[in-house]
Amino acid sequence: ELEDGLDEAFSRLAESRTNP
Amino acid sequence: AGVGMPMGAYSPPKTVWLPAMKGKGLEISGTFARRAGVIQMEMTLTNKAMSVMTDFAIQFNRNSFGLAPAGPLQVLTPLSPNQSIEVTLPLNTVGPVMKMDPLNNLQVAVKNNIDVFYFSCQYPISMLFVEDGKMERQVFLATWKDISNDNEAQFQIKDCHLSSDAASNKLQGSNIFTIAKRTVDGQDMLYQSTKLSNGIWVLAELRVQTGNPTFTVCLKCRAPEVSQCVFQSYEAVLKN
């Protein structure tokens with residue numbers, strides 16, 4: 001679950017950096 | 001390196017640090033390397049004088065990262081006129097610290113039987129990137145969030161014709177580790193970490209767009225004065 005959460009968090013980070 | 005083997009850390013070509021004109025005939029060219037976790041100063045000493053040179057020794061002035069010789073300069077036989085020798089000096093990072101400008105500047109004194117000579121050289125900060133610089137993913141995310149945007153620096157690397165995977169592999173050879181990769185709108189975003197010998201962590205976002213030879217590197221660090229030097233290492237590693 002933690003791993004899934006981290007995967008998701010990196011996706012959100014990349015998304016937020018590309019489309020702030 | 002064979003298939004799947006990590007490439008070695010980047011080491012720049014040797015340059016002349018002490019021209020013979022300033023060394024009463026002693027010419028020193030050199031570079032720095034990190035080999036199996038050991039920082040090394042690799043020098044070629046050339047005797048361009050008309051007499052034999054003996055009694056070599058080396059000392060560093062205090063510097064930003066405490067670089068110091070880990071032992072004496074080993075020149076075991078006299079250096080005859082027109083003779084060159086290769087010398088490798090292992091370094092450690094437990095010497096006295098003083099912030100230099102530029103940060104990676106090193107002031108060196110070399111003596112022989114003729115005189116004492118002084119020169120400055122600059123080392124690639126990647127020599128200081130340690131082998132355990134891969135940050136835990138959870139720690140990376142928290143640290144990235146925690147470091148203020150004021151401590152973020154953005155740089156561009158032009159004319160870089162590598163895929164994001166090739167770039168990642170190359171950087172890993174110099175202890176810059178990729179922690180996560182995401183693709184957003186056709187752009188690969190690599191999240192990377194590196195740790196300097198003095199414990200400073202640098203977090204990076206490397207953006208690579210297929211077909212675009214300009215890479216963008218964003219660096220976040222609690223000691224943002226290192227960012228410029230870290231960027232220079234990114235550029236040197238990726239372009240060599």
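So that the names make sense, note that chain A is the first sequence line, chain B the second, and so on, each numbered from 1.
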With a 4.5 Å limit on heavy-atom distance, are the side chains of D7(A) and R182(B) in contact? yes
Separation between CE of M189(B) and OG1 of T18(A), rounded to the nearest 0.5 Å: 3.5 Å
Does a sphere of radius 6.0 Å around CD in Q59(B) hold more than 12 heavy atoms from other residues, nucleotides or ligands, not counting ones at 6.0 Å or beyond? no
Specify the closest pair of heavy atoms between R17(A) and E152(B), including all atoms of both residues, with the distance to one decimal. NH2-OE2, 2.7 Å
So for Q138(B), is it side chain, backbone, both, or neither that comes closer than 4.5 Å to the heavy atoms of chain A? both
Hey, could you give me the CH2/CG distance between W144(B) and L13(A), rounded to the nearest 0.5 Å? 6.5 Å
Is the count of non-hydrogen atoms from other residues, nucleotides or ligands lying under 6.0 Å from K99(B) atom NZ greater than 12? no
Can you tell me how far the CG atom of L141(B) sits from the CZ atom of R12(A), to the nearest 0.5 Å? 9.0 Å
